Amino acid sequence: MNFFDHQRAAKGSTLKLVFLFVAAVVALVAGVDAAAALALAYENFGVSTIVPVVIVVSVVTLLVIAGGMLFKTISLRQGGAAVAASVGAVPVDPTTTDPQLRRFVNIVEEMSIASGVPTPRLFVMPREQGINAFAAGFTPADAAIAVTGGALAQLNRDELQGVIGHEFSHILNGDMRLNIRLIGLLAGILLIGMIGLRFLQFGGGRGSDSKSGAPLVAVAFAMMVLGFIGVFFANLIKAAVSRQREWLADASAVQFTRQTDGLEGALKKIGGIPTGSRLRDSRNAAEVSHMLFGEGVRRSFSSLWATHPPLTERIRALNPSFDPREIDELKQRYAQQAPDGLAEDIAAGFAPAGTALGRPTPEPIPAPGRHAITAEQVVARAGTFTPADLKYGAALHARLPDDIRQLATQPTTAPAAVIALLLAPPGEALQARQLASVVARMGPAQARDAAALAAQMARLPQDLRMPFVALALPQLAAHPRDDQDRLVAALNDLAVADGTVTMFEYCLTRLVWSYLLDGADPYRRSKVGNGLLQTVRPVVTTLLATLAVASGGDPDTSAHAFHGALRRLYGDAATPDSPRRHSWQQTLDGGWAALDALAPKAKQALVEAMVQSVVHDGTVTAAEAEMLRAACALMHVPLPALLD
């Protein structure tokens with residue numbers, strides 16, 4: 001399946017889970033009603049009494065389920081950071097110099113640049129000695145990756161990269177939204193059982209000798225039994241969905257890194273160390289069990305409730321010659337001395353942690369040029385990346401000067417650094433006008449900081465500017481909403497200060513705008529749409545024309561590319577030109593939401609047409625690829641760093 005197939009499958013899975021949840025709720029309400037009716041009938045109450053009581057019991061049961069589900073859903077509405085906090089994970093400073101954390105940050109940032117998704121927020125569960133990790137969130141903008149302290153300490157770089165690649169698969173395939181919805185759905189059903197149990201423990205017995213007490217005890221007992229029965233079957237559904245997605249994530253991690261040794265080694269270490277992958281100290285571990293890299297809690301019904309395939313089967317899928325006796329040997333070895341990931345890195349030839357912090361020497365970046373590509377090839381690359389992309393991302397990451405990278409990864413400096421990217425050279429009248437607008441929008445302090453960074457950011461090579469922005473986005477979102485709005489307004493002012501808007505200026509300002517919108521309301525912004533292409537034809541026409549012109553070439557070639565792309569999408573030629581009431585920027589700004597809301601199949605067709613409009617000569621340059629990646633990112637279609 002490609003990225004768009006995964007979106008359709010995720011939407012189908014969500015509908016299936018909602019249907020099964022509704023069926024479970026109906027069964028639970030019917031069971032509680034039946035228990036209440038039988039208890040009342042046993043006490044010789046008439047129908048005139050039973051029916052109103054049953055109605056009240058039904059309403060109360062539904063309110064309890066809805067209340068529990070709503071409370072949990074709202075508590076997790078901010079996405080990945082809320083899930084990480086719920087298990088006691090603590091944030092990781094992107095500028096950390098701790099060798100284990102530095103290696104973790106480098107791996108994630110390299111994968112982020114390679115895959116075309118913003119850098120997730122990073123968390124660690126420092127007290128957990130087992131090897132585990134999870135990705136959580138609704139969109140890449142609110143995504144979080146959390147790892148245990150045991151994973152950082154005991155995995156070497158290749159193994160940690162395999163685990164992070166597994167988690168990136170969950171981000172790219174859209175698994176995270178479904179996982180959070182499962183937490184909310186289960187919370188309502190579980191609350192029924194907990195209320196019944198507490199009632200029996202603390203309230204039910206006192207009225208059990210009275211005629212009115214027996215029905216209450218019966219209802220409470222039914223709520224407890226049926227609630228836990230509902231959770232039992234809900235966990236079966238959760239486990240089945242999780243196991244299927246874990247197989248896919250393992251396969252994707254191997255595809256991303258093109259080596260099985262890392263992921264295989266991580267799984268073997270889980271089997272060999274005494275703590276395995278279980279979370280022992282984190283609260284709410286059971287709630288996130290279906291998100292974890294490995295089994296996080298002990299299961300009473302291991303074969304039915306296991307959220308992950310058996311460890312030996314996962315290893316054998318990576319290495320058919322695997323002998324389970326290797327695990328026994330590792331248990332004996334690790335019982336004497338726990339594995340040391342950093343020491344293994346040094347033994348494997350990576351730089352000592354005190355110098356390059358365990359980061360391997362990047363391979364040279366491919367020389368810029370034109371690369372042959374088709375629309376179908378680009379669509380196949382969406383939502384994934386290859387080892388070549390990963391090497392490219394690592395090389396770009398390594399080329400970012402340390403001082404520049406630190407500007408991107410601090411909330412106090414990231415806004416000014418991003419503003420500086422759009423400033424004219426120092427001394428020009430244009431920069432003075434731009435800084436005046438920054439003062440008006442954000443105050444003199446931000447203007448002074450941006451001006452001080454202007455020369456430094458101007459020296460940043462063109463191919464490193466968008467990767468820099470990708471690293472800075474999480475820090476921009478860390479500011480209050482009012483500050484975010486002022487930043488977006490300031491960036492817009494800078495882009496139009498000279499009377500024209502370049503494609504780089506447009507892409508930068510709109511990517512920041514879209515990311516901040518995602519972070520402010522990830523639940524709503526992550527929904528898979530069902531829109532039709534015919535309803536968005538005017539904005540699609542503007543988008544394809546803009547891409548065709550911006551990709552360069554003579555007017556006749558651009559017109560030919562535009563008409564061919566439109567014909568591919570709608571089956572006919574472009575409509576006659578009409579007087580423009582809005583600029584192309586205004587038209588696109590008003591249309592991105594509708595384009596993002598297209599159904600997956602329609603969005604796939606649009607991306608293919610966008611590629612045809614850009615690469616009308618059958619090749620793509622680095623500049624064209626960046627432009628195409630930015631346009632697709634505004635529709636939540638991540639494209640990798642390399643498209644050749």
Side-chain angles (χ1 to χ4, degrees), residues 94-95 105-106 109-110 112-114 116 118-119 356-357 359 361-369 391-439 442 445-476 487 490-498 500-512 621-627 629-630 641-642:
T95 63
V105 171
N106 285 342
E109 290 181 348
E110 291 165 9
S112 174
I113 294 173
T119 307
L357 298 172
R359 182 165 58 182
T361 302
E363 296 188 12
I365 296 179
K391 292 176 182 177
Y392 185 72
L396 288 176
H397 185 264
R399 283 179 56 211
L400 276 170
D402 289 340
D403 56 341
I404 294 288
R405 188 192 161 280
Q406 186 161 355
L407 291 174
T409 52
Q410 286 292 314
T412 54
T413 57
V418 172
I419 289 172
L421 283 173
L422 298 183
L423 289 178
E428 292 190 6
L430 176 59
Q431 190 193 81
R433 295 199 304 271
Q434 289 177 319
L435 290 175
S437 68
V438 175
V439 171
M442 305 185 68
Q446 283 286 9
R448 285 195 301 270
D449 292 344
L453 295 173
Q456 186 178 8
M457 298 306 297
R459 292 193 296 270
L460 189 65
Q462 196 70 33
D463 62 337
L464 294 180
R465 295 190 173 193
M466 293 311 292
F468 172 87
V469 174
L471 297 182
L473 287 174
Q475 311 310 319
L476 304 182
L487 173 63
L491 292 176
N492 289 337
D493 290 345
L494 297 180
V496 301
D498 61 352
T500 61
V501 179
T502 67
M503 187 55 65
F504 170 74
E505 291 171 336
Y506 185 80
C507 290
L508 185 152
T509 56
R510 273 37 175 191
L511 285 175
V512 171
T621 65
E624 290 170 341
E626 283 302 313
M627 179 176 63
R629 291 177 75 204
L642 285 176

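Position 1 is the first residue of the sequence, and the numbers go up from there. Not measured: the values here are computed from a predicted model.
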request  = Could you list the residues that satisfy ring pair (Phe, Tyr, Trp, His ring centres under 6.0 Å) with F504, not counting sequence neighbours?
outcome  = none
Any side-chain heavy-atom pair of [X] and [Y] under 4.5 Å:
X	Y	answer
E109	L471	yes
E626	C507	no
T119	L473	no
V469	L511	no
Q446	P415	yes
K391	L396	no

query = With no hydrogens and no angle check, do the side chains of D403 and Q456 hold a donor and an acceptor under 3.5 Å apart?
reply = yes
task = Verify the distance criterion only: is there a donor paired with an acceptor across the side chains of Q475 and T409 at less than 3.5 Å?
result = no
Nearest 0.5 angstrom please: [X] [atom1] to [Y] [atom2], how far?
X	Y	atom1	atom2	result
L430	L494	CG	CG	9.0 Å
M457	L464	CE	CG	10.0 Å
M466	M627	CE	CE	12.5 Å

inquiry  = Walk me through whether L487 and V418 qualify under side-chain contact (heavy atoms from CB on, under 4.5 Å).
reply    = CA-CA 10 Å; L487 173 63; V418 172; 5.6 Å; no
Taking all non-hydrogen atoms of both residues into account, name the closest pair between [X] and [Y] and its distance.
X	Y	result
L421	L508	CD1-CD1, 3.9 Å
A447	L435	O-CD2, 3.7 Å
T500	E505	O-OE1, 3.7 Å
I404	F468	O-CE1, 3.2 Å
A417	L407	CB-CB, 4.1 Å
I113	R629	O-NH2, 3.5 Å

ask   = Salt bridge check: are D463 and R399 linked by an N-O gap of less than 4.0 Å?
value = yes
query = So, does R465 use its side chain to make a donor-acceptor pair with the main chain of L460 at under 3.5 Å?
reply = yes
task = Give a yes or no answer on whether the side chain of Q434 reaches the backbone of L422 with a donor-acceptor pair at less than 3.5 Å.
result = yes
task = Please test Q406 against T413 for side-chain hydrogen bond (donor to acceptor under 3.5 Å, both in side chains), starting from the C-alpha separation and ending with a verdict.
result = CA-CA 8 Å; Q406 186 161 355; T413 57; over 6 Å; no
inquiry  = Please enumerate all residues that pass side chain to side chain donor-acceptor pair (under 3.5 Å) together with D449, with sequence neighbours excluded.
reply    = none
